[in-house]
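Below is one structure, written out as C-alpha cells, with a few remarks after it.
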Amino acid sequence: MTKAATTTEVQVITGVLPTTQRVAPMLSLSELSVHYGGIAALRGISLSIEVGEMVCVIGANGAGKSSLLRAIAGLVTPSAGHIAHRGVPVLMLPSFERARRGISLVPEGRGVFPRLSVQENIAIGGYARSDGAVKDDIDRIYALMPRLAERRSQLAGTLSGGEQQMLAIGRAMVSRPDLLLLDEPSMGLAPMMVQKIFEIIAEVARQGVTILLVEQNARLALRTASRAWVLEGGQISVSGPSAALAADPRVRAAYLGE
Amino acid sequence: MDIFLQQVINGLVLGSVYALVALGYTMVYGILGLINFAHGDVVMVGAFTGLALLKALLAAGTGLPIALAGAALGAVLACGLLGVAIERIAYRPLRHAPRLAPLITAIGVSILIQYVAAILWSKQYLALPAAFTPATWQIGGASVTDLQVLIVLLAGVLMAALLWLIHGTKLGCAMRATEQNAEVAGLMGINTNRVIAATFLIGSALAALAGIMVLLYYGVAHYFMGFMLGLKAFTAAVLGGIGSVPGAMLGGLMLGLIESLASGYIGDFTGGVFGSNYRDVFAFIVLILVLVLRPAGLLGKAQGERA
Ligand SMILES: Nc1ncnc2c1ncn2[C@@H]1O[C@H](COP(=O)(O)OP(=O)(O)O)[C@@H](O)[C@H]1O
Ligand SMILES: [Mg+2]
C-alpha cells in the first residue's frame with residue numbers, strides 16, 4: 001500500500017500523469033487585486049494560461065498591466081487573491097524563488113545591468129542554474145541575436161534600446177523559464193526593431209515557452225498571441241481569442257484606432 | 001634623515017589601513033545607499049578581539065607567527081558575524097524606510113558597540129604584550145620596520161583578492177548586479193538579502209584585519225579608536241568616490257600620504273606654530289575640499305549613465 005502511494009507521488013512530481021488526469025495550468029490567477037496605498041491598480045483579476053500558450057493583455061497607459069506582471073513575478077504584494085504556477089501557490093515566495101521555479105519577467109524598460117558587460121548580463125540569467133548546459137544556452141542566444149554576440153564585451157548601458165531589449169529577453173531565456181512575462185517589449189523602439197523583437201518572441205514561443213505578453217501596441221499583440229484580455233482601470237473588460245477581439249467593434253474603436 | 005621618504009613610507013602604511021576600512025564603507029554604500037557609521041567600531045572590535053586572542057595564545061606558549069594568525073582569524077570571524085548581525089538587526093528592517101531612519105540607526109549602533117566594548121574591555125588604553133619589537137631597516141636615510149612592510153603587503157594582497165572576487169567570481173557578479181538594480185537581480189534568481197549579507201561579511205572581515213594592523217602599529221586598543229579612524233576612512237571613500245571599490249583603494253592611499261606629508265612638513269611651513277599634533281585636521285580639510293570641488297570623488301560615477 002505504501003508502495004502504491006509512493007508511485008503516485010513520483011508520477012505527479014515527474015509530470016508523468018495518467019492521460020485522464022488534467023495537467024495543471026501554467027498560471028492561474030484568481031480574484032487578484034493590487035493596491036498602492038489607497039489606490040487600486042488591479043481589481044479582482046482571474047485568468048488561466050495553459051502550458052505552451054502565447055497570450056496577451058492589452059490596455060492603455062495606467063490600466064494596470066505592469067502591476068499584473070509584477071504581482072506574478074513577486075515584485076509587488078497583492079492585497080487579495082491567489083496565484084498558482086503549475087498548480088502550486090506561489091504568493092508566499094519571494095521574487096528570486098519564483099524566478100528559480102521558472103517564472104521570468106522581462107520588466108518594463110528592460111532592466112539590463114548598465115555597468116555589466118553584455119556577456120555578464122546574459123550569463124547572470126543562468127545564475128541559479130547548476131547544470132552544465134548554461135554555456136550552450138548562451139551560445140544559442142548569441143546565434144539567435146548576432147548583434148549581441150558582436151557586442152559581448154561592451155557595457156550593456158551603451159547599447160541601443162532595441163539591443164537592450166534583445167539582451168533582456170536573451171538573459172531571461174538563459175534561465176530556461178517555463179513562463180516568460182514580457183512587459184511592453186515594443187516600448188520606445190523604431191518599427192524595424194519592433195519587428196525584429198517580435199520575431200525573436202515568436203521563436204521563443206516556438207521553443208515551447210509559455211508567454212504572457214503585455215502591450216499598449218494592441219494591433220501587434222493581437223497578431224502575435226492566440227488569446228487576449230483587455231485591461232481597463234484594473235479590471236478585465238473583454239477577453240477571448242485574439243481574432244475575435246480584433247473583430248470586436250469596442251476593441252477596434254478603443255485600441256485599434258478604427 | 002630623509003623626511004620626505006620617511007613620510008611617504010609612513011603614509012603608505014597609514015593609507016593601506018585607511019583603504020581597507022574605506023572598502024567597507026564604499027561597498028555597503030554601493031549596495032544599500034547607506035553610510036554604515038558603525039563600521040569604524042567594527043575595526044575597534046577587531047583590535048580588541050585580536051588583542052585578547054593574542055594575549056591568550058602567547059600566554060599558552062604559542063609562537064608569535066601562529067599567535068598572530070590565530071588572532072587575525074578569530075577577529076575576522078568575530079567581526080564578520082558582528083557585521084552580518086548589524087545588517088540583519090539594524091538595517092534590513094529599515095530597507096524601505098526614509099533615508100534618515102537608517103542613518104540615525106547607524107549612529108545608534110555605533111554608540112552601542114562603543115559602550116559594550118567599554119564594558120567588556122574598560123575605557124583604558126589596553127597595550128600589546130611586550131613581545132613586539134619590530135626589526136628596523138635603514139633605506140636611503142629613512143627607516144622601515146618589518147611590521148610596516150607586512151601591513152602594506154597584506155593590504156595589497158587583500159585588495160587584489162577583493163578585486164578578483166568582485167570581477168572574477170559568480171558572487172562578485174551578483175554583488176555588482178544587486179548594486180546596480182536589486183529588483184532585477186531578484187528576477188535573475190539572486191537572493192539579494194544573502195548578497196547584501198555577504199557584502200557586510202567581507203567589509204567587516206577587512207575591518208577586522210585593519211583593526212589588528214592598527215593594534216600592532218600603535219601598540220594599543222581603545223574603545224573609542226574606531227571613531228576617528230572611521231571618519232578618516234569614510235573621508236578616503238568620499239575622496240575616491242563613494243561606491244567605487246578602486247576609488248576606496250586610491251582614496252585610502254592618497255589620504256594616508258597627504259596626512260603623513262602634511263604633518264611632516266607643517267612645522268617647517270608655519271615656523272613651528274603648528275606641529276604634527278595637528279595631523280587629524282588634514283583629513284577633514286581634504287573632505288571639505290572634495291565635497292566642494294568634486295563631490296563625486298576621484299573615481300566616482302557622477303556622470304549620467306544610460307540605463
Ligand atoms: N509604485 C506605485 N505607486 C503608486 N501608484 C502606482 C505605482 N505603480 C503604479 N501605480 C498606479 O497604478 C496604476 C496602474 O499602473 P501600471 O500597473 O503601471 O499600469 P500600466 O503598466 O498598464 O501602464 C496607475 O494608476 C499607476 O499610476
Ligand atoms: Mg506599464
Side-chain angles (χ1 to χ4, degrees), chain A residues 66 69-70 72-77 93-117 119-130 134 154-161 163-164 167-168 170-177 180-181 183, chain B residues 26-27 29-31 33 88 92-93 95-98 163-199 240-248 296-297 299-307:
Chain A
S66 295
L69 295 193
R70 291 169 63 81
I72 298 168
L75 297 182
V76 296
T77 309
L93 299 181
S95 63
F96 80 89
E97 281 181 10
R98 294 193 208 184
R100 290 178 183 190
R101 276 190 60 87
I103 300 175
S104 184
L105 168 63
V106 177
E108 187 174 289
R110 291 109 202 181
V112 302
F113 299 109
R115 281 168 277 116
L116 295 189
S117 69
Q119 171 72 25
E120 286 173 324
N121 265 278
I122 290 202
I124 212 167
Y127 181 84
R129 281 176 60 182
S130 49
V134 176
Q154 225 167 293
L155 292 187
T158 66
L159 298 182
S160 74
E163 289 160 354
Q164 290 191 10
L167 179 56
R171 181 179 66 176
M173 288 307 294
V174 173
S175 70
R176 287 213 178 158
L180 187 62
L181 310 169
D183 196 344
Chain B
T26 227
M27 287 195 298
Y29 183 85
I31 213 154
R88 185 69 190 80
R92 195 179 300 179
R95 190 103 31 93
H96 303 287
L163 286 176
W164 168 78
L165 180 106
I166 291 175
H167 292 280
T169 69
K170 211 167 152 176
L171 172 64
C173 198
M175 285 168 68
R176 286 180 293 144
T178 303
E179 176 191 332
Q180 291 174 36
N181 192 334
E183 188 175 277
V184 175
L187 293 177
M188 300 296 116
I190 296 170
N191 184 347
T192 52
N193 278 333
R194 202 179 283 173
V195 170
I196 290 167
T199 304
I242 188 110
S244 160
V245 165
L299 304 181
K301 42 194 179 219
Q303 294 85 357
E305 64 198 18
R306 295 170 64 182

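These figures come from a predicted structure and were not determined experimentally. Letters A, B, ... mirror the listed sequences (proteins, then strands); counts begin at 1. Because only heavy atoms are used, hydrogens play no part in the values below, and waters and symmetry mates are left out as well, while side chains stay in.
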Which atoms of [X] are under 4.5 Å from chain B, going by heavy atoms: the side chain, the backbone, both sets, or neither?
X	value
A:Ser175	neither
A:Arg171	side chain
A:Leu105	both

Problem - From CD (A:Glu120) to NE2 (B:His167), nearest 0.5 Å - result: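 With rounding to 0.5 Å, CD (A:Glu120) is 8.5 Å from NE2 (B:His167).
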
Problem - For B:Gln180 against A:Leu116, the heavy-atom pair lying closest together - result: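 Distance-wise, the nearest heavy atoms are OE1-N, 3.6 Å.
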
Practice task
Tell me the residues of residues 171-178 of chain B whose non-hydrogen atoms fall below 4.5 Å from those of chain A, in number order.
Solution key: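 From residues 171-178 of chain B, the residues near chain A are B:Cys173, B:Ala174, B:Arg176, B:Ala177.
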
Residues 186-193 of chain B side chain polar contacts: donor-acceptor under 3.5 Å, at least two apart:
unit_1	atom_1	unit_2	atom_2	d
B:Asn191	OD1	B:Asn193	N	3.4
B:Asn191	OD1	B:Arg194	N	3.4
B:Asn193	OD1	B:Arg95	NH1	2.9
B:Asn193	OD1	B:Arg95	NH2	3.2

Handout entry: Residue selection (most heavy-atom pairs with chain B, distance under 4.5 Å) from A:Ala128, A:Gly111, A:Gly125
Key =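 Heavy-atom pair counts peak at A:Gly111.
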
